[in-house]
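Encoded as structure tokens, the structure appears first; notes follow it.
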Amino acid sequence: MIIGVEHQSTLNKNMIIRILNYDAQLYINQVESGKEVRPVGSFVFYTGDKEWTYPKSLKESLKIPPEMKDYINDWKLPVLELQKIDSGMLKNQRLKEVVEISQSMFKGDYEKLRTNRMISVESFKMAAIFTHTDIKEEDLPEGDEINMCKAMDQLFQRFENQGIEKGEAIGIEKTLKEQLKVKLGTLSNPLEERLTTTSLEKLNELTLNIFNINSEEEVLKIIY
């Protein structure tokens, strides 16, 4: 059979239409090639930080008159959400590492990330990409493996040092805004303005809690 994987990091209400189009095109190509037509199965690998709430079938996405529902063909949309994957069901150790680290990063679970274990550097990088965590080459040791406890302490120290160093030059609030944009994706104008007038003490507290922040509401709780 043919398996299709669509990587999606943002919510898309029309994803079912895209998957339907991909699958239909694969069937058409097989028919036109004159070869045996093999079954096609496509799914979405979703790595966003918000729960997938859009329809997972064609019928759910359409407004169909009740009397016509039985006559409209359906199409399913399997969505595999990174945050909901049960890592205990995974047999591949590399994949299990990526899922577990990603889920901890999403939750801002710093203590769990500091588990004293060795993992591959590539798994660490992949989890950082999926979760939009600001990882630089300087945060990674030489070689193919990394000690999670040491890596997270080093990363945490860089975040803290960045806040101090840049804070002396252009204002610590600008550095914090950059870090929050990396963590949250974007910042609303009201929050940016509020950070500009926030005390240095509160800005330092925000910097130290950067791993535990997953929403603007959590930022405001620390500020107030």
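Heads up: numbering here begins at 1 and tracks the sequence.
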Compare every heavy atom of [Y] with every heavy atom of [X], then report the nearest pair and how far apart it is.
X   : Y    : answer
G41 : M1   : N-CE, 3.9 Å
S87 : E100 : OG-OE2, 3.3 Å
V44 : M15  : CG2-CG, 3.6 Å

Are [Y] and [X] linked, directly or through intermediate hydrophobic residues, by side-chain heavy-atom contacts shorter than 4.5 Å (ILVMFWY only)?
X    : Y   : answer
I3   : V37 : no
L80  : I2  : no
M126 : L95 : yes
L20  : L77 : yes
M68  : W75 : yes

>> Tell me if the NZ atom of K59 is crowded by more than 12 foreign heavy atoms within 6.0 Å.
In response: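 Counting neighbours around NZ of K59, more than 12 heavy atoms of other residues, nucleotides or ligands fall under 6.0 Å, so yes.
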Do [X] and [Y] make a side-chain contact, defined as non-hydrogen atoms from C-beta onward lying under 4.5 Å apart?
X   : Y   : answer
D23 : I19 : yes
L90 : I85 : yes
N14 : R18 : no

>> Going by the rule side chain to side chain donor-acceptor pair (under 3.5 Å), which residues pair with N29 if we only count those two or more places apart in sequence or in a different chain?
In response: Q25
>> Q30: which residues meet the side chain to side chain donor-acceptor pair (under 3.5 Å) condition with it, sequence neighbours left out?
In response: none
> Sequence neighbours excluded, which residues qualify as side-chain contact (heavy atoms from CB on, under 4.5 Å) partners of I129?
Replying inline: none
> Can you name the side-chain contact (heavy atoms from CB on, under 4.5 Å) partners of E216, sequence neighbours left out?
Replying inline: L184, L187, S188, L191
> Hey, which of Y46, F130, F43 is the one that makes ring-ring contact (aromatic ring centres under 6.0 Å, His included) with H7?
Replying inline: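 Option passing the ring-ring contact (aromatic ring centres under 6.0 Å, His included) with H7: F130.
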> After noting the C-alpha distance and the side-chain angles of E122 and R94, does the key distance pass the side-chain contact (heavy atoms from CB on, under 4.5 Å) rule?
Replying inline: CA-CA 9 Å; E122 289 303 316; R94 179 83 171 273; 2.9 Å; yes
Measure the spacing between [atom1] of [X] and [atom2] of [Y] and express it to the nearest 0.5 Å.
X   : Y    : atom1 : atom2 : result
L82 : S9   : CG    : OG    : 11.5 Å
L26 : N21  : CG    : CG    : 9.5 Å
T47 : F106 : OG1   : CZ    : 6.0 Å

>> Could you check whether any side-chain N or O of S61 sits under 3.5 Å from a backbone N or O of L58, counting only pairs where one atom can act as donor and the other as acceptor?
In response: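 Between the backbone of L58 and the side chain of S61 there is a qualifying donor-acceptor contact (under 3.5 Å).
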> Is the backbone N or O of S102 less than 3.5 Å from a side-chain atom of Q83, with the two atoms forming a donor-acceptor pair by type?
Replying inline: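 Pair absent, no side-chain N/O of Q83 close to backbone of S102.
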> Is there any side-chain hydrogen bond (donor to acceptor under 3.5 Å, both in side chains) pair reaching into residues 48-58, and which pairs are they, with sequence neighbours excluded?
Replying inline: E51-K84
> Could you give all pairs that pass the side-chain hydrogen bond (donor to acceptor under 3.5 Å, both in side chains) test and reach residues 32-41, with sequence neighbours left out?
Replying inline: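 Listed by first then second residue: nothing to list.
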